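Below: one structure, written as C-alpha coordinates.
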Amino acid sequence: MVIEPKAANEAVPLPAQPTEQSWSRTHLLDVDTLSREEILLLLETAEGMEEVLHRRVARTPALRGITVVNLFYEPSTRTRASFELAGKVLSADVINLAGSGSSADKGESLVDTVRTLEAVGANVLVLRHGSSGAPYLAARHTSAHIINAGDGWHAHPTQALLDAYTLRKKLGSLEGKRIVIVGDIKHSRVARSNMWALTTLGASLTLVGPRTLLPVGLEAAADGGLPSVAIEDNLDRAIEGADAVMALRVQRERLGAASLPSLREYASLYQVNSERLSRAAEGAPLLHPGPMNEGVEISSDVAHGIQSEVERQVQHGVAVRMAALYLLARTGE
Ligand code: CP
(Lines give C-alpha, C1' and ligand atoms only; values in the text may rest on other atoms or scores of the structure.)
Protein backbone atom coordinates (compact mmCIF):
# COMPACT_ATOMS: atom_id res chain seq x y z
CA MET A 1 0.00 0.00 0.00
CA VAL A 2 1.30 3.41 -0.89
CA ILE A 3 0.65 6.05 1.72
CA GLU A 4 0.33 9.43 0.06
CA PRO A 5 1.79 12.40 1.92
CA LYS A 6 -0.90 14.73 3.33
CA ALA A 7 -1.80 17.57 1.02
CA ALA A 8 -1.03 20.95 2.57
CA ASN A 9 -4.68 21.89 2.65
CA GLU A 10 -6.04 18.56 3.87
CA ALA A 11 -8.31 18.99 6.89
CA VAL A 12 -6.86 17.44 10.04
CA PRO A 13 -9.15 16.11 12.78
CA LEU A 14 -9.58 17.92 16.07
CA PRO A 15 -7.19 17.21 18.91
CA ALA A 16 -8.68 15.03 21.68
CA GLN A 17 -11.55 16.91 23.24
CA PRO A 18 -12.62 16.88 26.86
CA THR A 19 -15.56 14.65 27.75
CA GLU A 20 -18.11 15.88 25.23
CA GLN A 21 -20.72 13.52 26.63
CA SER A 22 -21.19 15.85 29.58
CA TRP A 23 -22.59 18.55 27.25
CA SER A 24 -26.32 18.03 26.85
CA ARG A 25 -27.64 21.53 26.09
CA THR A 26 -29.63 22.00 22.91
CA HIS A 27 -29.25 25.80 22.88
CA LEU A 28 -26.88 28.42 24.27
CA LEU A 29 -29.21 31.25 25.29
CA ASP A 30 -27.31 32.60 28.30
CA VAL A 31 -24.82 31.44 30.90
CA ASP A 32 -27.16 31.84 33.86
CA THR A 33 -28.26 28.21 33.82
CA LEU A 34 -24.84 26.72 33.01
CA SER A 35 -23.06 24.89 35.79
CA ARG A 36 -19.41 25.51 36.61
CA GLU A 37 -18.63 22.14 34.98
CA GLU A 38 -20.41 23.11 31.76
CA ILE A 39 -18.60 26.45 31.57
CA LEU A 40 -15.27 24.74 32.19
CA LEU A 41 -16.05 22.11 29.54
CA LEU A 42 -16.71 24.84 27.01
CA LEU A 43 -13.52 26.70 27.93
CA GLU A 44 -11.44 23.50 27.79
CA THR A 45 -12.94 22.67 24.40
CA ALA A 46 -11.94 26.17 23.27
CA GLU A 47 -8.32 25.36 24.24
CA GLY A 48 -8.38 22.52 21.71
CA MET A 49 -9.93 24.83 19.14
CA GLU A 50 -7.17 27.38 19.67
CA GLU A 51 -4.71 24.63 18.83
CA VAL A 52 -6.52 24.11 15.51
CA LEU A 53 -6.37 27.86 14.81
CA HIS A 54 -2.60 27.80 15.30
CA ARG A 55 -2.07 25.05 12.73
CA ARG A 56 -0.52 25.97 9.42
CA VAL A 57 -3.82 25.05 7.79
CA ALA A 58 -6.53 26.02 10.24
CA ARG A 59 -9.24 23.62 9.15
CA THR A 60 -10.82 20.50 10.62
CA PRO A 61 -13.74 18.42 9.32
CA ALA A 62 -15.52 18.31 12.71
CA LEU A 63 -18.76 19.90 11.47
CA ARG A 64 -18.75 18.75 7.85
CA GLY A 65 -22.37 18.44 6.71
CA ILE A 66 -23.64 20.92 9.33
CA THR A 67 -25.22 24.19 8.21
CA VAL A 68 -24.75 27.25 10.41
CA VAL A 69 -26.83 30.38 9.73
CA ASN A 70 -25.69 33.66 11.23
CA LEU A 71 -28.85 35.75 11.50
CA PHE A 72 -28.03 39.29 12.63
CA TYR A 73 -30.79 41.85 13.11
CA GLU A 74 -28.36 44.29 14.79
CA PRO A 75 -24.94 45.53 13.65
CA SER A 76 -21.90 43.47 14.62
CA THR A 77 -18.28 43.15 13.59
CA ARG A 78 -16.59 40.88 16.11
CA THR A 79 -19.33 38.39 16.90
CA ARG A 80 -20.45 37.96 13.34
CA ALA A 81 -16.97 37.65 11.82
CA SER A 82 -15.81 35.23 14.50
CA PHE A 83 -18.88 32.99 14.20
CA GLU A 84 -18.39 32.92 10.43
CA LEU A 85 -14.74 32.01 10.75
CA ALA A 86 -15.46 29.50 13.53
CA GLY A 87 -17.98 27.69 11.34
CA LYS A 88 -15.66 27.65 8.35
CA VAL A 89 -12.66 26.35 10.31
CA LEU A 90 -14.90 23.49 11.49
CA SER A 91 -15.90 22.84 7.81
CA ALA A 92 -19.56 23.73 8.37
CA ASP A 93 -21.56 25.36 5.58
CA VAL A 94 -22.04 28.95 6.75
CA ILE A 95 -24.79 31.31 5.60
CA ASN A 96 -24.82 34.94 6.70
CA LEU A 97 -28.08 36.87 6.80
CA ALA A 98 -28.68 40.39 8.04
CA GLY A 99 -32.16 41.38 9.19
CA SER A 100 -31.97 44.30 6.80
CA GLY A 101 -32.16 42.96 3.26
CA SER A 102 -33.92 39.75 4.33
CA SER A 103 -37.66 39.14 4.15
CA ALA A 104 -37.91 40.74 7.61
CA ASP A 105 -38.00 43.99 5.59
CA LYS A 106 -41.24 42.72 4.03
CA GLY A 107 -42.75 42.05 7.42
CA GLU A 108 -41.80 38.40 7.95
CA SER A 109 -41.82 37.55 11.67
CA LEU A 110 -38.81 36.17 13.51
CA VAL A 111 -40.64 32.87 14.02
CA ASP A 112 -41.41 32.49 10.31
CA THR A 113 -37.82 33.38 9.41
CA VAL A 114 -36.48 30.78 11.83
CA ARG A 115 -38.85 28.11 10.50
CA THR A 116 -37.87 29.00 6.93
CA LEU A 117 -34.17 28.69 7.72
CA GLU A 118 -34.75 25.34 9.38
CA ALA A 119 -36.66 24.22 6.27
CA VAL A 120 -33.68 25.09 4.06
CA GLY A 121 -31.45 22.94 6.27
CA ALA A 122 -30.06 25.12 9.07
CA ASN A 123 -28.77 23.00 11.94
CA VAL A 124 -27.49 25.90 14.05
CA LEU A 125 -28.89 29.44 14.11
CA VAL A 126 -26.69 32.16 15.57
CA LEU A 127 -29.07 34.99 16.37
CA ARG A 128 -28.44 38.61 17.28
CA HIS A 129 -31.54 40.66 17.91
CA GLY A 130 -32.40 44.04 19.41
CA SER A 131 -35.22 42.60 21.51
CA SER A 132 -34.39 40.91 24.79
CA GLY A 133 -35.72 37.35 24.72
CA ALA A 134 -35.78 36.94 20.92
CA PRO A 135 -33.50 33.85 20.99
CA TYR A 136 -35.78 32.23 23.60
CA LEU A 137 -38.76 32.76 21.30
CA ALA A 138 -36.80 31.32 18.37
CA ALA A 139 -35.78 28.28 20.42
CA ARG A 140 -39.44 27.45 21.08
CA HIS A 141 -40.22 27.26 17.36
CA THR A 142 -37.38 25.27 15.84
CA SER A 143 -35.49 22.06 16.30
CA ALA A 144 -32.30 23.81 15.16
CA HIS A 145 -29.79 24.76 17.86
CA ILE A 146 -30.00 28.44 18.80
CA ILE A 147 -26.97 30.42 19.95
CA ASN A 148 -27.71 33.84 21.40
CA ALA A 149 -25.24 36.29 19.82
CA GLY A 150 -26.64 39.19 21.89
CA ASP A 151 -30.28 40.04 22.60
CA GLY A 152 -31.22 43.59 23.55
CA TRP A 153 -30.02 44.49 27.04
CA HIS A 154 -30.34 40.91 28.19
CA ALA A 155 -27.48 38.51 27.45
CA HIS A 156 -24.39 37.86 25.34
CA PRO A 157 -23.21 34.44 26.46
CA THR A 158 -20.34 33.86 24.02
CA GLN A 159 -18.91 37.28 24.91
CA ALA A 160 -18.94 36.39 28.61
CA LEU A 161 -17.35 33.01 27.85
CA LEU A 162 -14.57 34.58 25.79
CA ASP A 163 -14.02 37.14 28.55
CA ALA A 164 -13.74 34.31 31.10
CA TYR A 165 -11.38 32.47 28.74
CA THR A 166 -9.19 35.57 28.37
CA LEU A 167 -9.14 36.24 32.12
CA ARG A 168 -8.22 32.64 32.93
CA LYS A 169 -5.32 32.81 30.45
CA LYS A 170 -3.96 35.84 32.31
CA LEU A 171 -4.91 35.10 35.92
CA GLY A 172 -5.21 31.30 36.06
CA SER A 173 -8.14 30.26 38.24
CA LEU A 174 -10.64 33.06 38.86
CA GLU A 175 -11.37 31.74 42.36
CA GLY A 176 -11.18 34.68 44.78
CA LYS A 177 -10.22 37.22 42.10
CA ARG A 178 -11.93 40.62 42.20
CA ILE A 179 -12.98 41.99 38.84
CA VAL A 180 -14.26 45.51 38.26
CA ILE A 181 -16.76 46.11 35.46
CA VAL A 182 -17.30 49.81 34.84
CA GLY A 183 -19.71 51.68 32.63
CA ASP A 184 -23.25 51.48 31.40
CA ILE A 185 -24.21 48.40 33.41
CA LYS A 186 -27.92 49.04 32.95
CA HIS A 187 -27.93 48.55 29.18
CA SER A 188 -25.15 45.98 29.07
CA ARG A 189 -25.91 42.40 28.04
CA VAL A 190 -22.16 41.81 28.38
CA ALA A 191 -22.19 42.80 32.07
CA ARG A 192 -25.27 40.69 32.74
CA SER A 193 -23.81 37.52 31.20
CA ASN A 194 -20.44 38.14 32.82
CA MET A 195 -22.13 38.45 36.18
CA TRP A 196 -23.15 34.79 35.86
CA ALA A 197 -20.06 33.43 34.12
CA LEU A 198 -17.41 35.05 36.30
CA THR A 199 -19.10 34.48 39.66
CA THR A 200 -19.81 30.84 38.73
CA LEU A 201 -16.05 30.51 38.19
CA GLY A 202 -15.40 31.90 41.68
CA ALA A 203 -14.63 35.58 41.00
CA SER A 204 -16.22 38.46 42.87
CA LEU A 205 -17.45 41.40 40.82
CA THR A 206 -17.66 45.09 41.55
CA LEU A 207 -20.06 46.78 39.13
CA VAL A 208 -19.33 50.49 38.82
CA GLY A 209 -21.18 53.31 37.12
CA PRO A 210 -23.22 56.43 37.70
CA ARG A 211 -26.44 55.65 39.57
CA THR A 212 -28.47 56.36 36.41
CA LEU A 213 -26.62 53.56 34.59
CA LEU A 214 -26.92 50.96 37.33
CA PRO A 215 -30.03 48.78 37.04
CA VAL A 216 -32.67 49.30 39.69
CA GLY A 217 -32.87 46.32 42.03
CA LEU A 218 -29.31 45.19 41.48
CA GLU A 219 -28.33 46.04 45.05
CA ALA A 220 -31.14 43.87 46.36
CA ALA A 221 -29.94 41.06 44.09
CA ALA A 222 -26.39 41.59 45.33
CA ASP A 223 -27.59 41.32 48.93
CA GLY A 224 -29.61 38.23 48.16
CA GLY A 225 -29.08 35.96 45.18
CA LEU A 226 -25.69 37.20 43.97
CA PRO A 227 -23.52 37.67 47.04
CA SER A 228 -20.31 37.99 44.99
CA VAL A 229 -21.51 41.17 43.27
CA ALA A 230 -20.92 44.58 44.83
CA ILE A 231 -22.25 47.88 43.49
CA GLU A 232 -20.22 51.12 43.48
CA ASP A 233 -20.60 54.56 41.96
CA ASN A 234 -17.00 55.60 42.64
CA LEU A 235 -14.47 54.11 40.21
CA ASP A 236 -11.44 55.55 42.03
CA ARG A 237 -12.45 53.63 45.14
CA ALA A 238 -13.54 50.45 43.35
CA ILE A 239 -10.46 50.02 41.14
CA GLU A 240 -8.04 50.00 44.09
CA GLY A 241 -6.28 46.59 44.03
CA ALA A 242 -8.65 45.03 41.46
CA ASP A 243 -7.28 41.88 39.79
CA ALA A 244 -8.82 42.81 36.41
CA VAL A 245 -10.80 45.69 34.93
CA MET A 246 -13.43 45.63 32.20
CA ALA A 247 -14.63 48.88 30.65
CA LEU A 248 -17.99 48.85 28.87
CA ARG A 249 -19.05 50.84 25.87
CA VAL A 250 -21.24 53.86 26.49
CA GLN A 251 -24.18 52.82 24.34
CA ARG A 252 -25.19 56.17 22.95
CA GLU A 253 -27.91 54.53 20.84
CA ARG A 254 -29.64 53.22 23.98
CA LEU A 255 -29.16 56.27 26.24
CA GLY A 256 -31.44 59.21 26.86
CA ALA A 257 -30.19 62.62 27.98
CA ALA A 258 -31.59 61.90 31.45
CA SER A 259 -29.32 58.86 31.87
CA LEU A 260 -26.14 60.61 30.83
CA PRO A 261 -26.30 64.36 30.43
CA SER A 262 -22.61 64.88 29.58
CA LEU A 263 -20.00 62.56 28.05
CA ARG A 264 -17.27 64.87 29.31
CA GLU A 265 -18.45 64.52 32.91
CA TYR A 266 -18.81 60.76 32.44
CA ALA A 267 -15.22 60.53 31.17
CA SER A 268 -13.88 62.58 34.09
CA LEU A 269 -15.44 60.20 36.64
CA TYR A 270 -15.53 56.80 34.92
CA GLN A 271 -12.97 56.67 32.14
CA VAL A 272 -10.37 53.93 32.59
CA ASN A 273 -7.10 55.76 32.00
CA SER A 274 -3.49 55.12 32.93
CA GLU A 275 -3.74 56.93 36.26
CA ARG A 276 -6.74 54.88 37.36
CA LEU A 277 -5.42 51.59 35.95
CA SER A 278 -2.19 52.09 37.93
CA ARG A 279 -4.24 51.70 41.13
CA ALA A 280 -5.41 48.20 40.18
CA ALA A 281 -3.19 45.21 41.00
CA GLU A 282 0.14 45.29 39.17
CA GLY A 283 -0.31 44.19 35.55
CA ALA A 284 -4.08 43.78 35.96
CA PRO A 285 -5.57 42.86 32.57
CA LEU A 286 -7.84 45.43 30.96
CA LEU A 287 -10.77 44.16 28.90
CA HIS A 288 -13.35 45.83 26.70
CA PRO A 289 -15.93 43.92 24.62
CA GLY A 290 -15.72 46.47 21.80
CA PRO A 291 -16.44 48.52 19.89
CA MET A 292 -14.58 51.11 21.99
CA ASN A 293 -15.33 54.80 22.32
CA GLU A 294 -11.75 55.89 22.91
CA GLY A 295 -11.62 59.08 24.93
CA VAL A 296 -14.98 58.32 26.58
CA GLU A 297 -15.03 55.07 28.62
CA ILE A 298 -11.37 54.23 27.91
CA SER A 299 -8.34 56.35 27.06
CA SER A 300 -6.43 55.50 23.89
CA ASP A 301 -3.15 54.85 25.69
CA VAL A 302 -4.55 52.08 27.91
CA ALA A 303 -6.83 50.74 25.16
CA HIS A 304 -3.69 49.88 23.19
CA GLY A 305 -1.28 49.58 26.13
CA ILE A 306 0.52 46.57 27.55
CA GLN A 307 -2.28 45.67 29.96
CA SER A 308 -4.89 45.69 27.20
CA GLU A 309 -6.40 42.31 26.33
CA VAL A 310 -8.81 43.77 23.77
CA GLU A 311 -7.24 42.18 20.68
CA ARG A 312 -6.73 38.87 22.45
CA GLN A 313 -10.42 38.90 23.44
CA VAL A 314 -11.29 39.09 19.76
CA GLN A 315 -8.86 36.27 18.89
CA HIS A 316 -10.18 34.10 21.71
CA GLY A 317 -13.70 34.76 20.45
CA VAL A 318 -13.06 32.52 17.44
CA ALA A 319 -11.93 29.56 19.57
CA VAL A 320 -14.76 29.99 22.07
CA ARG A 321 -17.36 30.19 19.27
CA MET A 322 -15.86 27.11 17.62
CA ALA A 323 -16.31 25.32 20.94
CA ALA A 324 -19.92 26.48 21.23
CA LEU A 325 -20.76 25.42 17.66
CA TYR A 326 -19.02 22.09 18.08
CA LEU A 327 -20.62 21.14 21.41
CA LEU A 328 -24.12 22.20 20.38
CA ALA A 329 -24.05 20.69 16.89
CA ARG A 330 -22.98 17.35 18.33
CA THR A 331 -25.65 17.32 21.06
CA GLY A 332 -28.04 14.46 20.47
CA GLU A 333 -25.76 12.64 18.02
N1 CP B 1 -18.60 42.64 21.54
C2 CP B 1 -19.47 42.60 20.52
O3 CP B 1 -20.54 41.98 20.61
O4 CP B 1 -19.04 43.25 19.39
P5 CP B 1 -19.83 43.31 18.01
O6 CP B 1 -21.09 44.11 18.24
O7 CP B 1 -18.89 43.95 17.04
O8 CP B 1 -20.19 41.90 17.62
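One-based numbering along the sequence shown. Note that ligands are numbered from 1 as they come in the structure, with each ligand's atoms numbered from 1 the same way. Just so it is clear, the structure is predicted and the values come from calculations on it, not from any experiment.
- Salt bridge Lys88/Glu84: present, at least one basic N to carboxylate O contact under 4.0 Å.
- Contact check on Glu309 versus Arg312 returns a salt bridge, with a Lys/Arg side-chain nitrogen under 4.0 Å from an Asp/Glu carboxylate oxygen.
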Could you pull out every N or O of ligand 1 that sits under 3.5 Å from a protein N or O, with the distance for each pair?
| from | atom 1 | to | atom 2 | distance (Å) |
| --- | --- | --- | --- | --- |
| ligand 1 | 1 (N) | Gln159 | OE1 | 3.1 |
| ligand 1 | 1 (N) | Pro289 | O | 2.9 |
| ligand 1 | 1 (N) | Gly290 | O | 3.4 |
| ligand 1 | 3 (O) | Thr79 | OG1 | 3.0 |
| ligand 1 | 3 (O) | Arg128 | NH2 | 2.9 |
| ligand 1 | 3 (O) | His156 | NE2 | 2.9 |
| ligand 1 | 6 (O) | Arg128 | NH1 | 2.8 |
| ligand 1 | 7 (O) | Thr77 | N | 2.8 |
| ligand 1 | 7 (O) | Arg78 | N | 3.0 |
| ligand 1 | 7 (O) | Arg78 | NH1 | 2.6 |
| ligand 1 | 8 (O) | Ser76 | OG | 2.6 |
| ligand 1 | 8 (O) | Thr79 | N | 2.9 |
| ligand 1 | 8 (O) | Thr79 | OG1 | 2.6 |
| ligand 1 | 8 (O) | Arg128 | NH2 | 3.3 |

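- Side-chain polar atoms of Ser193 and Asp30 form a donor-acceptor pair below 3.5 angstrom.
- Only one option out of His154, His141, His27, His129 pairs with Tyr136 in a ring pair (Phe, Tyr, Trp, His ring centres under 6.0 Å); it is His154.
- Between the side chain of Gln313 and the backbone N or O of His288 there is at least one donor-acceptor pair closer than 3.5 Å.
- Every residue two or more places apart in sequence or in another chain that forms a salt bridge (charged side-chain N to carboxylate O under 4.0 Å, His left out) with Lys169 is listed here: Glu47, Glu50.
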